[in-house]
Amino acid sequence: MKQATFTTNIICIYLLLTSNAFSQNYWETIIPEPWTKFVQPNYRFLNQYFDNANNRTGSTPFTGNVVVPPYVIERVEGDDSDAIMMITKISGGFHGGGWIVKVNRRSGYSEQLEVGGGPNTNDNFYGAFYNADIDTLRLPQSIKEIGSLAFENGKVKVLICGSITPPKLSLNAFGDADMHVLIVPTGCMKAYQEAEYWNVFKEIKEGAEKYMYAQLTEKDGAWYQLAEDETATMINSDDAYNLVIPNEVSFNNKYYPVTTLGPASINRYKLKSITLGTNIKHFAPSHIQTSHFRSDSYSWETSKNTVKFQEIHVSPDNSVYSEVNGGLYTKDGTALIYLPYVCENVISGLSSERYYTIPDGVTTIKKNAFPKYFAYNYSRSVNAGIVAIPPSVTRIEEQDVMYGFHFKFTSETPPEIAGFGSSCMSAFYVPEGCLYTYLDKYGSLKVYESSDKPNIIKLYTSDKVLYWNSSEKCYDLNYFVTDQSDVLLPSFASYGLMKGDIKTVGKYGYLKYTNFSLRTSNTLRSLTIPEGVEEIYLEGFNTLQTAILPNTLKVIGPYCFRGSKYLENVEIKGDLEIIHNYAFAECEKMKEIALPAKLTHIGNDAFDGCTALSTIRMEASIPPSIFHSFNDWGEYPNVPYSFVFSYPAKEATLYVPANSKNLYSEYPVWKEFGRIVPVGESDNPDAAGISTINIQEVDDVYYTLDGRKIEGKPTTKGIYVLNGCKVVVK
């Protein structure tokens with residue numbers, strides 16, 4: 001007789017599970033009143049009914065068939081999107097909550113929910129299914145724990161438990177309840193039979209998955225729903241911090257590719273970063289819960305009332321999406337899909353500025369790519385960061401932005417814009433002289449002019465700060481992290497579609513070695529500037545011993561190597577045109593320096609304090625002009641009180657090209673050198689004229705008689721100049 005009753009119940013459950021009630025996107029709770037008024041989509045659970053104990057008096061509502069959902073849909077005050085909250089626990093006796101209650105509250109959201117709170121009698125709270133008379137009870141895969149006395153004085157004919165791992169049972173979880181048949185997932189019977197306190201059932205069977213509307217599985221703090229087409233959808237990431245969505249998840253030894261993110265499935269209040277797996281094909285801003293800021297810190301901890309979600313990463317094998325510096329883009333990099341809260345301190349210790357640059361080459365910004373931020377205390381600053389929009393962007397779809405992001409446009413022509421919403425409080429900065437052009441296009445938005453150069457765009461990456469010159473398609477390097485003592489600076493950089501050579505170093509803000517820039521674990525001894533770099537502006541490189549500069553270098557900025565008291569070897573060659581003021585000042589160990597033929601200007605005190613400097617070799621036939629400072633070198637050449645070399649450096653020997661001695665001897669500043677020797681003459685009156693040497697025995701710098709420097713050793717027989725003396729190479 002019992003067997004017949006059981007079969008009938010199973011048939012009823014099967015019909016129930018295959019009815020239209022389960023054709024919706026979300027699970028529904030099939031239970032009688034009063035639960036239904038507390039479990040409704042898009043409804044906030046903490047309300048006046050829920051907090052009133054009188055609504056929980058009377059006998060238990062649990063009779064007949066009861067289904068506990070794996071999650072419910074909630075909207076937290078201050079949000080404009082739903083949140084999916086997993087139900088993970090069946091409450092035990094003496095629990096003070098409602099039938100579905102929040103636990104572990106944090107900054108206005110729940111990390112988990114639990115079913116709990118039986119009837120309230122004489123201020124005693126009973127277990128969730130106290131005094132129940134249930135024909136069939138279905139518990140989802142999300143249930144991890146059942147509290148003590150949860151089924152006290154109750155009766156359950158059939159319990160269908162969907163979890164592959166037996167939920168933890170507290171002592172007397174079933175109390176004195178009358179428990180009959182337990183149905184568990186296929187292959188899990190032994191686990192339940194051996195699990196503590198699960199032996200109260202008269203019979204245990206397999207096949208629970210047959211009675212579940214959808215299968216759920218958990219991996220690394222996230223929940224996945226398995227569909228009939230054998231794919232998986234992530235529905236909740238409530239327990240994850242740095243979430244990596246796998247390529248696939250398993251359930252009962254079967255694998256399902258993860259292709260989709262469910263609505264509001266990313267809990268951005270807790271999550272810091274997310275990595276999309278190879279198979280993710282569907283992503284939209286609606287998958288991410290919006291954030292909020294509130295002023296009533298007495299109820300929410302201010303330190304936790306912030307946004308943590310900062311980075312989206314993408315598997316390189318994903319065929320739909322790509323990433324740039326934490327932002328999500330289409331695979332071809334032409335459209336921005338979503339930008340999280342701009343990461344603070346992208347490079348640790350750099351600054352507190354939040355700044356993000358959309359790569360040049362992006363043409364479209366998709367709908368709601370910028371998250372919507374709220375502030376219920378209007379005096380509070382909500383700074384999500386500055387977003388630089390390059391000239392390549394021609395269309396911005398509708399954005400429901402309120403607070404947080406501010407935008408810096410770099411094009412003189414405003415992109416087409418669908419709208420930023422009537423409540424948008426963001427600031428829009430546009431190139432100087434373009435105010436009315438943007439106002440005519442964007443109406444009532446808060447538009448301000450910016451004096452920044454529109455074609456120079458700042459970039460933060462994980463180990464560098466760069467400036468992209470969108471007109472010249474090249475980079476300036478402003479910050480660089482390394483742990484090497486011998487450093488070769490990079491010559492090429494790539495940021496999204498912005499690929500180009502590094503033409504300048506520190507032009508838009510000195511590349512510093514002291515404090516926090518160019519940090520090294522060992523003392524920096526050697527610095528090599530790569531070929532292709534044309535200008536360098538350095539500061540604080542005090543520990544250098546050797547500096548190797550490229551043939552392409554045209555400008556050495558002011559104070560570049562100042563105070564590098566260990567610097568002995570500097571190789572300057574090629575196209576150098578300008579050495580700015582104090583560039584090599586106080587390089588106390590520098591004994592000799594050769595300056596190339598194209599040098600035309602040297603700044604004031606460029607070699608001041610170089611006390612060991614005894615030899616200066618000038619390859620320029622016309623003496624370089626002396627200018628006073630970095631800003632006025634073209635306007636004030638040859639200022640009489642400007643000095644390139646200080647005493648005793650001025651007592652060094654100045655070697656100049658043949659036939660240029662008179663020019664240097666008469667030129668301001670240069671004429672102060674007491675010994676000016678044209679290449680081909682000796683400054684030693686006792687020199688014996690021409691010497692004959694064996695080329696194999698000498699490894700030094702040679703010059704022709706007309707002052708041209710020889711690269712390497714001479715390969716042609718003849719007369720050359722070596723160390724100020726004529727020599728014959730045979």
Side-chain angles (χ1 to χ4, degrees), residues 453 456 458 464-469 472 474-480 487-491 493 501-518 524 526-544 546-565 567 569-587 590 593-596 598-610 620 624-637 639 642-646:
K453 297 180 180 180
I456 307 300
K458 192 174 186 178
K464 303 180 188 69
V465 173
L466 299 158
Y467 281 86
W468 170 252
N469 188 323
E472 298 184 10
C474 62
Y475 282 104
D476 173 67
L477 176 65
N478 274 80
Y479 187 91
F480 181 71
V487 173
L488 169 63
L489 293 182
S491 60
D501 296 328
I502 294 178
K503 289 288 187 181
T504 59
V505 174
K507 186 173 183 178
Y508 300 104
Y510 288 81
L511 179 65
K512 300 179 180 180
Y513 172 62
T514 54
N515 300 326
F516 45 78
S517 294
L518 202 68
L524 182 64
S526 171
L527 178 68
T528 302
I529 307 294
E531 292 295 329
V533 173
E534 297 178 354
E535 301 179 36
I536 58 172
Y537 302 86
L538 311 178
E539 184 176 310
F541 285 73
N542 299 334
T543 62
L544 277 181
T546 302
I548 300 174
L549 307 180
N551 286 294
T552 53
L553 190 66
K554 296 179 180 179
V555 178
I556 298 177
Y559 304 95
C560 212
F561 297 100
R562 182 181 184 179
S564 299
K565 61 182 179 180
L567 186 62
N569 303 306
V570 182
E571 187 175 347
I572 302 176
K573 52 192 176 182
D575 297 333
L576 186 67
E577 297 173 3
I578 302 167
I579 298 177
H580 279 285
N581 48 306
Y582 295 97
F584 292 95
E586 301 169 18
C587 292
M590 184 184 296
I593 190 166
L595 300 175
K598 291 187 178 181
L599 184 67
T600 58
H601 296 81
I602 299 182
N604 182 55
D605 292 318
F607 294 90
D608 181 44
C610 296
S625 297
I626 310 302
F627 60 92
H628 186 259
S629 68
F630 176 59
N631 295 322
D632 60 17
W633 67 269
E635 300 176 16
Y636 303 99
V639 178
S642 296
F643 297 96
V644 178
F645 306 94
S646 61

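Because the structure is predicted, anything quoted here is derived from the model rather than measured.
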- For the atom pair NE2 (His580) and CD1 (Ile556), what is the distance rounded to the nearest 0.5 Å? 9.5 Å

- With Phe584, which residues qualify under ring pair (Phe, Tyr, Trp, His ring centres under 6.0 Å), at least two apart? Phe561, Phe607

- Item | Residues Lys554, Asp575: salt bridge by 4.0 Å N-O rule | no

- Kindly compute the distance separating CD1 (Ile602) from CD1 (Ile578), expressed to the nearest 0.5 Å. 11.0 Å

- Compare every heavy atom of Leu553 with every heavy atom of Ile536, then report the nearest pair and how far apart it is. CG2-CD1, 3.9 Å

- Message: I'd like to know if the side chain of Thr600 reaches the main chain of Glu577, judged simply by a donor and an acceptor atom lying under 3.5 Å from each other, with no hydrogens or angles considered.
- Response: yes

- Mind checking whether Ser625 and His601 have side chains closer than 4.5 Å, heavy atoms only? yes

- Item | OG1-CD1 distance between Thr552 and Ile529, expressed to the nearest 0.5 angstrom | 10.0 Å

- Looking at CD1 of Ile548 and OG1 of Thr528, how far apart are the two atoms once the value is rounded to the nearest 0.5 Å? 4.0 Å

- Query: If you measure from OG1 on Thr546 to CG on Leu524, what distance do you get to the nearest 0.5 Å?
  - Reply: 10.5 Å

- Query: Would you say the side chain of Ile579 lies within less than 4.5 Å of the side chain of Leu595, judging by non-hydrogen atoms?
  - Reply: yes

- Query: Are any of the side-chain heavy atoms of Ile572 and Leu599 separated by less than 4.5 Å?
  - Reply: no

- Item | Shortest non-hydrogen contact between Tyr513 and Gly540, atoms and distance | CD2-O, 3.3 Å

- Task: Taking Glu535 for its side chain and Gly557 for its backbone only, find out whether a donor-acceptor pair lies under 3.5 Å.
- Result: no

- Note on the structure: Scanning both residues in full, the closest heavy-atom pair of Val465 with Lys458 reads CG1-CE, 4.2 Å

- Non-hydrogen side-chain atoms of Ile502 and Pro530 separated by less than 4.5 Å: no

- Looking only at atom types and distance, does a side-chain atom of Asn469 sit under 3.5 Å from a main-chain N or O of Glu472, one as donor and one as acceptor? yes

- Message: Can you confirm whether Asn478 sits close enough to Tyr510 that some side-chain heavy atom of one is under 4.5 Å from a side-chain heavy atom of the other?
- Response: no

- Between Lys503 and Gly532 the two heavy atoms that sit nearest each other are CD-O, 3.6 Å

- Item | Side chains of Leu527 and Leu538 in contact at under 4.5 Å (non-hydrogen atoms) | yes

- Going by heavy atoms in the side chains, are Thr504 and Tyr467 under 4.5 Å from each other? no

- Separation between CG (Leu511) and CG (Leu518), nearest 0.5 Å, reads 5.5 Å

- Do the side chains of Leu489 and Val533 get nearer than 4.5 Å, heavy atoms only? no

- Message: Run the side chain to side chain contact (heavy atoms under 4.5 Å, CB included) test on Leu477 and Leu466 for me, step by step, so that the C-alpha distance in whole Å, both residues' side-chain angles and the decisive distance to 0.1 Å come before the verdict.
- Response: CA-CA 5 Å; Leu477 176 65; Leu466 299 158; 3.7 Å; yes

